[in-house]
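Scroll down for the structure; my scribbles are underneath it.
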Amino acid sequence: MDVVVNAATSADGKLSNRRREQIAISGPDDFDRVDDLRAESDAVMVGVGTVLADDPHLTVDESTSAVRTERGEPPQPARVVADSRARTPPDARILDGVARTYLLVSEAAPTERVERLEAQDARVITVGDDRVDLEDGFETLATEGIDRLLVEGGGELIFSLFEADLVDELSVFVGPTIIGGREAPTLADGDGFVEGFPELSLESVERLDRGVVLRWRV
Ligand SMILES: NC(=O)C1=CN([C@@H]2O[C@H](COP(=O)(O)OP(=O)(O)OC[C@H]3O[C@@H](n4cnc5c(N)ncnc54)[C@H](OP(=O)(O)O)[C@@H]3O)[C@@H](O)[C@H]2O)C=CC1
Ligand SMILES: Nc1nc(O)c(N)c(N[C@@H]2O[C@H](COP(=O)(O)O)[C@@H](O)[C@H]2O)n1
């Protein structure tokens, strides 16, 4: 599976503010670029922290959806959430039926919550004892035909993916603002590395909106 991580950070590397509120860091051209990235992907993934904070939809625009249909693909990429304890609210926008939605949960997910989410048509995949095992989850997703996965965040999930050596490409829009705050999420949070830092190779640098898009191979 080809795994692309994309996110938008402030100039000081923050994904959002200390209240974990959704902030539009990207401008219109970058949101169009993200729409294209989603359109080229079989699925778009976030962690449950992002679902709870942003209630994202993770779909492509109508015109992009038409292009996917012409290519013989589903109109929308699937949606994937890493959610060890099945905390996704049953009325979350990712469960609106517009696209297939996979929830990666762990054995620790309470059965009643899992059943409630399955009743909302979520496809629940159990991988890992206490926390979602991302490697096993991706193997199962590959058997579902997901070959190209776009991960949009947040920082906890992105760190875990780098830690498990599961990222092939990273693109970051760096926008013209400072958010600050030691508790504000950054591109890669988790425990952080103290050695064995993943090495990136810079592929391109592009001015976009009032910021810049950096594309790295891992
Ligand atoms: N600017 C941007 O481009 C973006 C900004 N954001 C912002 O980021 C913030 C949310 O980020 P964050 O709080 O880091 O949340 P994440 O979206 O990264 O979700 C983290 C949660 O995912 C669950 N999870 C399940 N399995 C794993 C695993 N193996 N590794 C890591 N996490 C796992 C954990 O919850 P559990 O233990 O319950 O499973 C964990 O707490 C919001 O403020 C949002 O607005 C988000 C995306 C993009
Ligand atoms: N690319 C990008 N730029 C920003 O400025 C952002 N705040 C985000 N956030 C991500 O996009 C998701 C929202 O998606 P929908 O518009 O609801 O489809 C959000 O949850 C973050 O993952 N991304």
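As the structure lists them, so they are numbered: ligands from 1, and atoms in each ligand from 1. Side chains included, hydrogens not; waters and symmetry mates left out as well; all remaining heavy atoms used. The structure displayed is predicted, hence computed values, not measured ones.
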Q) Is a side-chain donor-acceptor pair under 3.5 Å present for Ser63 with Asp61? A) no

Interfacing atoms of ligand 2 (cut-off 4.0 Å, heavy-atom, [X]):
{"X": "Arg93", "result": "17 (O)"}
{"X": "Ile23", "result": "5 (O), 6 (C), 7 (N)"}
{"X": "Thr50", "result": "20 (O), 22 (O)"}
{"X": "Val34", "result": "1 (N)"}
{"X": "Ala8", "result": "2 (C), 3 (N), 4 (C), 5 (O)"}
{"X": "Ala24", "result": "5 (O)"}

Quick test: of every protein heavy atom, which one is nearest to [atom], and how far off is it to 0.1 Å?
{"atom": "atom 23 (N) of ligand 2", "result": "Phe31 CE2, 4.3 Å"}
{"atom": "atom 14 (O) of ligand 2", "result": "Arg38 NH2, 3.1 Å"}
{"atom": "atom 11 (O) of ligand 2", "result": "Glu152 OE1, 3.4 Å"}
{"atom": "atom 9 (N) of ligand 2", "result": "Gln22 NE2, 4.5 Å"}
{"atom": "atom 17 (O) of ligand 2", "result": "His57 N, 2.9 Å"}

So [Y] and [X], do their side chains get closer than 4.5 Å, heavy atoms only?
{"X": "Thr140", "Y": "Tyr102", "answer": "no"}
{"X": "Val4", "Y": "Ser41", "answer": "no"}
{"X": "Ile23", "Y": "Lys14", "answer": "no"}
{"X": "Val205", "Y": "Val212", "answer": "yes"}

Find all protein N or O atoms under 3.5 angstrom from an N or O atom of ligand 1 and list the pairs with distances, or write 'none'.
from, atom 1, to, atom 2, distance (Å)
ligand 1, 1 (N), Ala8, O, 2.8
ligand 1, 1 (N), Leu15, O, 3.2
ligand 1, 3 (O), Ala8, N, 2.8
ligand 1, 13 (O), Arg20, NE, 3.1
ligand 1, 13 (O), Arg20, NH2, 3.2
ligand 1, 14 (O), Gly155, N, 3.2
ligand 1, 14 (O), Glu156, N, 2.9
ligand 1, 17 (O), Gly47, N, 3.4
ligand 1, 17 (O), Gly47, O, 3.3
ligand 1, 17 (O), Thr50, N, 2.9
ligand 1, 17 (O), Thr50, OG1, 2.6
ligand 1, 17 (O), Gly154, N, 2.9
ligand 1, 18 (O), Gly154, N, 3.1
ligand 1, 18 (O), Gly154, O, 3.3
ligand 1, 18 (O), Glu156, N, 3.3
ligand 1, 18 (O), Leu157, N, 2.9
ligand 1, 19 (O), Gly49, N, 3.0
ligand 1, 29 (N), Val132, O, 3.1
ligand 1, 30 (N), Ser160, OG, 2.6
ligand 1, 32 (N), Arg131, NH2, 3.3
ligand 1, 35 (O), Arg87, NH2, 3.2
ligand 1, 38 (O), Arg87, NE, 3.0
ligand 1, 38 (O), Arg87, NH2, 2.9
ligand 1, 39 (O), Ser84, N, 2.7
ligand 1, 39 (O), Ser84, OG, 2.7
ligand 1, 43 (O), Ser16, OG, 2.6
ligand 1, 43 (O), Arg20, O, 3.3
ligand 1, 45 (O), Asp54, OD1, 2.7
ligand 1, 45 (O), Asp54, OD2, 3.1

Report the part of [X] (side chain from C-beta onward, or backbone N, CA, C, O) that has a heavy atom under 4.0 Å from ligand 2; answer both or neither where that applies.
{"X": "Phe173", "value": "neither"}
{"X": "Arg33", "value": "neither"}
{"X": "Pro56", "value": "both"}
{"X": "Ile25", "value": "both"}

N/O donor-acceptor pair under 3.5 Å between [X] side chain and [Y] backbone:
{"X": "Asp55", "Y": "Arg93", "result": "yes"}
{"X": "Gln22", "Y": "Ser16", "result": "no"}
{"X": "Asp189", "Y": "Glu156", "result": "no"}

Any N or O on [X] sitting closer than 3.5 Å to an N or O of ligand 2?
{"X": "Asp54", "result": "yes"}
{"X": "Leu58", "result": "yes"}
{"X": "Ser26", "result": "yes"}

**Q.** Pairs where residues 114-141 contributes a residue and the test salt bridge (Lys or Arg N to Asp or Glu O under 4.0 Å) is met, not counting sequence neighbours
**A.** Arg85-Asp130

For atom [atom1] of [X], decide whether the heavy atoms of other residues, nucleotides or ligands shown that lie under 6.0 angstrom number more than 12.
{"X": "Glu21", "atom1": "CD", "answer": "yes"}
{"X": "Arg71", "atom1": "CZ", "answer": "yes"}
{"X": "Asp12", "atom1": "CG", "answer": "yes"}

(Q) I'd like to know if Asp36 pairs up with Arg33 as an ion pair, taking the criterion as any Lys NZ or Arg NE/NH1/NH2 lying under 4.0 Å from an Asp or Glu carboxylate oxygen. (A) no

Q: May I ask you to decide whether Arg38 forms a salt bridge with Glu152, counting only side-chain N to carboxylate O separations under 4.0 Å?
A: yes

Q: Could you give me the CA-CA distance, side-chain angles and deciding distance for Asp96 and Arg79, then say whether salt bridge (Lys or Arg N to Asp or Glu O under 4.0 Å) is met?
A: CA-CA 11 Å; Asp96 65 355; Arg79 301 175 280 199; 2.8 Å; yes

